[in-house]
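So the structure is just underneath, and the comments pick up after that.
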Amino acid sequence: MLKMEYPEKLKDPKIKELLEKLNTSEDVLKFNEKLFKQSRENQKLKTYDRQTMLKLLQYQKKHGHSTSYMSRKYKISRTTLSKWKLMFEEDLDTMKSAGK
């Protein structure tokens, strides 16, 4: 189970409404790109589930993108991406060996 760092964010009606419209990982990525393209002020709206984190890491690996590139593209800190890699290293290796 993924521990949320700021669970109080989910009580915000605006955030709740926006999150209810996100059904797939692709929706989350598109939402994130639109939301954070213009302003870093809305950072409180950004949360990721395990599936989305893995999808981002798989995308990075598949296309050979650097952590810096992914950080700029999705407005996620390099430190966060590195932490995700450490957290999901075993899962990524398992998926690779399973041919996913």
Side-chain angles (χ1 to χ4, degrees):
M1 187 166 137
L2 182 64
K3 179 184 173 224
M4 288 189 48
E5 198 166 326
Y6 301 103
E8 69 277 2
K9 291 179 187 180
L10 294 177
K11 294 177 184 174
D12 183 324
K14 245 184 181 177
I15 293 173
K16 264 186 173 179
E17 181 184 334
L18 292 171
L19 291 175
E20 287 172 2
K21 295 178 182 177
L22 304 176
N23 298 314
T24 67
S25 297
E26 293 298 320
D27 290 343
V28 173
L29 295 174
K30 287 176 186 176
F31 172 75
N32 185 57
E33 191 168 329
K34 286 180 185 176
L35 187 65
F36 299 105
K37 205 172 222 177
Q38 298 170 345
S39 172
R40 295 189 64 88
E41 183 179 315
N42 294 323
Q43 291 290 340
K44 73 177 189 169
L45 296 175
K46 195 187 301 185
T47 58
Y48 296 96
D49 63 10
R50 183 179 197 279
Q51 181 182 1
T52 303
M53 289 185 258
L54 281 168
K55 191 161 189 137
L56 281 167
L57 293 173
Q58 289 170 332
Y59 175 83
Q60 178 185 10
K61 191 169 192 162
K62 179 180 179 180
H63 296 284
H65 295 311
S66 69
T67 300
S68 294
Y69 172 82
M70 294 295 287
S71 176
R72 286 189 306 274
K73 181 173 174 89
Y74 295 105
K75 304 293 187 263
I76 302 169
S77 75
R78 291 184 319 243
T79 304
T80 297
L81 288 167
S82 295
K83 285 180 184 178
W84 290 358
K85 284 181 186 177
L86 289 173
M87 281 174 35
F88 299 117
E89 185 174 18
E90 189 174 304
D91 292 333
L92 291 169
D93 290 342
T94 302
M95 289 175 160
K96 181 181 177 186
S97 64
K100 289 188 177 178

Do [X] and [Y] have side chains that get closer than 4.5 Å, going by heavy atoms?
X: Ile76; Y: Trp84; result: yes
X: Lys85; Y: Leu57; result: yes
X: Tyr74; Y: Leu81; result: no

Discussion item. Measuring from atom OG1 of Thr24 to atom CD of Gln51, what distance do you get when rounded to the nearest 0.5 angstrom?
Written reply: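 One finds 8.5 Å between OG1 of Thr24 and CD of Gln51.
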Discussion item. Distance check, rounded to the nearest 0.5 Å: Lys55 atom NZ versus Asp49 atom CG?
Written reply: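 One gets 11.0 Å once the value is rounded to the nearest 0.5 Å.
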Practice prompt. Using a strict 4.0 Å threshold on nitrogen-to-oxygen distance, state whether Lys21 and Glu17 make a salt bridge.
Written response: yes
Practice prompt. Taking all heavy atoms of Gln60 and all of Ser66, pick out the closest pair and write down the distance.
Written response: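 Answer, listing the atom of Gln60 first, then Ser66: NE2-C, 3.4 Å.
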Practice prompt. Look at the side chain of Ser71 and the backbone N and O of Thr67, then say whether any donor-acceptor pair between them is shorter than 3.5 Å.
Written response: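 No; zero donor-acceptor contacts below 3.5 Å.
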Worksheet entry | ring-ring contact (aromatic ring centres under 6.0 Å, His included) partners of Tyr59, counting only residues at least two apart | His63, His65
